[in-house]
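Please read the structure below before turning to the comments.
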Amino acid sequence: MSRVPQKLSAAILLAPALLAASVTAQAYETGDVILRAGAVAVDPQENSGKVKLDGTATDLEVGVDSNVQLGLTGTFMLSDKLGLGLLAATPFKHTINLNGVGELAEIKHLPPTLTLQYFPLGSGSALQPYVGAGLNYTTFFSEDFKSGPSAGGFNDLSLDDSWGLALEAGVDYMLTDNIVVNAAVWYADIDTEANFKVGDIPGKVSVDIDPYVYMVGLGYKF
Ligand code: NI
């Protein structure tokens with residue numbers, strides 16, 4: 001280290017202080033609102049019950065594929081370390097498969113998720129990792145059987161709405177005083193029961209969808 005020029009040593013010693021000073025203006029403070037937009041993917045980790053027809057269990061189970069949409073998230077800072085977070089998106093569209101048979105139906109859903117977020121680094125950091133916990137509400141709509149199963153007599157599909165726990169982890173990095181890049185992941189406990197008919201025979205199946213939700217995007221701090 002003896003060969004490091006004195007001015008460089010001074011700069012190295014001063015750098016953390018200068019860095020801290022330069023990012024203080026960028027840090028999150030009470031009342032700040034951060035809005036982010038990006039690509040959001042819902043990746044179901046589904047666990048299906050047996051399809052029941054007229055109350056009798058069959059060997060059939062269902063699967064749910066993943067889907068990507070436009071995601072919108074917001075954080076309202078309650079203090080410099082605590083925020084209220086909301087996840088919203090354009091409607092997700094999933095295909096439901098019947099194991100061993102093929103594509104059965106298509107559904108849409110919206111999974112708004114409200115979390116209390118903790119930003120441990122507080123003021124003075126351009127990097128803002130956070131964790132959150134809260135509630136997910138998922139509402140299903142546009143539930144339709146594919147034409148094949150419809151021809152087979154499947155009709156009248158509806159899925160129960162779901163309330164469940166949601167966990168979240170993410171990171172914002174402030175590129176400027178206002179512009180952030182963001183990556184985030186959620187786990188949401190989404191359980192539903194699908195009710196339908198085959199001809200006049202009532203059928204149902206319980207499914208734990210329990211997806212991971214991933215988002216990358218850009219944000220703006222107001
Ligand atoms: Ni579940």
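Remember, it's a predicted structure, so these values are computed and weren't measured experimentally. Residue numbers run from 1 in the order of the sequence given. Ligands are counted one by one from 1 in listed order, and the atoms in each one are counted from 1 as well.
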Original post:
Distance-only, no hydrogens or angles: does the Thr75 side chain make a donor-acceptor pair with backbone N or O of Ile34 under 3.5 Å?
Top reply: no
Subject >> Lys/Arg N to Asp/Glu carboxylate O, Lys221 vs Asp172, below 4.0 Å >> reply: no
Original post:
So, do Tyr118 and Tyr130 have ring centers that fall under 6.0 Å from each other?
Top reply: no
**OP:** Name the orientation class of the two ring planes belonging to His109 and His94 (parallel below 30°, tilted from 30 to 60°, perpendicular beyond 60°).
**Re:** parallel
**OP:** Check Asp189 and report its N/O/S atom nearest to the Ni ion (ligand 1), by atom name.
**Re:** OD1
Original post:
Is the distance between the Ni ion (ligand 1) and the nearest N/O/S atom of Asp208 smaller than 2.8 Å?
Top reply: no
Subject >> Name of the Asp191 atom (N/O/S only) found closest to the Ni ion (ligand 1) >> reply: OD1
